[in-house]
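Below, each value reflects all heavy atoms present in this structure, side chains not excepted, and no hydrogens, waters or symmetry copies. Because the structure is a prediction, the values reported are computed rather than measured. Just so it is clear: chains get the letters A, B, ... in the order the sequence lines come, proteins before strands, and each one is counted from 1.
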Amino acid sequence: MPRSRTPPAGWSAFYRVVRRIPRGRIATYGEVALLAGSPRAARQVGYALAALHGTRHRLPWQRVLGRRGPDHAAPSILDPMGAGVQRALLEREGVAFDARGRVSLERFGWRPRRLRRRPA
DNA sequence: GACATGACGTAAT
DNA sequence: TATTACGCCATGT
């Protein structure tokens, strides 16, 4: 784990994507990685976000969730407290969780128009 | 350069 | 549906 408080340069692309996620919408780690240009670096996104603890940042980290199936996402934070905080922050911006603690990507998934991701 | 670590993702069981 | 197993890849040692 990183002992440094200053995020490595390689993570800036991830942070840049996270910053663009609008209020009331969510994205998955894989999505962020994809939009950042590293399709298979979902794990690094989580790593990068975890490094934000205790730092002064303005990233909407709560809007990044883990995939739980084709059309649902949910907090992937191990610490239940952290996950609770994330959920509270999201609900405050209008994101609804179902009975199983999942969020519908259909309803709240972020769909960026202007960045990569072309149909075929 | 090899090896370990990890807020992940997907497929298999 | 829940667990396990494995692949990925940026960082730190």
Taking only N/O atoms, report every protein-nucleotides 7-10 of chain C pair under 3.5 Å with atom names and distance.
residue, atom, partner, partner atom, Å
C:dG7, O6, A:Arg43, NH1, 2.7
C:dC9, O4', A:Gln44, NE2, 3.3
C:dC9, O2, A:Gln44, OE1, 2.2
C:dC9, O2, A:Gln44, NE2, 2.9

query = Under 4.5 Å between any side-chain heavy atoms of A:Arg68 and A:Arg100, yes or no?
reply =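 Not in contact.
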I'd like a table of atom pairs between the protein and nucleotides 2-5 of chain C - only N or O on both sides, under 3.5 Å - with the distance next to each one.
residue, atom, partner, partner atom, Å
C:dA2, OP1, A:Arg100, NH2, 3.4
C:dA2, OP2, A:Arg100, NH2, 3.0

Using whole Å, report how far [atom1] of [X] lies from [atom2] of [N].
{"X": "A:Arg68", "N": "B:dC8", "atom1": "CZ", "atom2": "P", "answer": "8 Å"}
{"X": "A:Gln86", "N": "B:dA7", "atom1": "CD", "atom2": "C1'", "answer": "8 Å"}
{"X": "A:Leu105", "N": "B:dC8", "atom1": "CG", "atom2": "P", "answer": "16 Å"}

If you round to the nearest 0.5 Å, how far is [atom2] of [Y] from [atom1] of [X]?
{"X": "A:Leu59", "Y": "A:Phe14", "atom1": "CG", "atom2": "CZ", "result": "13.0 Å"}
{"X": "A:Asp79", "Y": "A:Gln86", "atom1": "CG", "atom2": "CD", "result": "11.0 Å"}
{"X": "A:Asp71", "Y": "A:Glu106", "atom1": "CG", "atom2": "CD", "result": "7.5 Å"}
{"X": "A:Leu90", "Y": "A:Arg23", "atom1": "CG", "atom2": "CZ", "result": "10.0 Å"}
{"X": "A:His57", "Y": "A:Arg19", "atom1": "NE2", "atom2": "CZ", "result": "11.5 Å"}
{"X": "A:Leu89", "Y": "A:Arg63", "atom1": "CG", "atom2": "CZ", "result": "9.5 Å"}

ask   = What interatomic distance, in whole Å, is found between C1' of C:dT13 and the corresponding atom of B:dA7?
value = 22 Å
message = Under 4.0 Å, counting only non-hydrogen atoms across every strand here, what does A:Leu78 touch: a base, just sugar-phosphate, or nothing?
response = sugar-phosphate
Are any protein N/O atoms closer than 3.5 Å to N/O atoms in nucleotides 10-13 of chain B? If there are, list each pair with its distance.
none

Determine, using the 4.5 Å side-chain heavy-atom cutoff (strictly less than), whether [X] and [Y] are members of one ILVMFWY cluster.
{"X": "A:Leu65", "Y": "A:Trp61", "result": "no"}
{"X": "A:Val45", "Y": "A:Ile21", "result": "yes"}
{"X": "A:Leu35", "Y": "A:Tyr47", "result": "yes"}
{"X": "A:Tyr29", "Y": "A:Trp110", "result": "yes"}

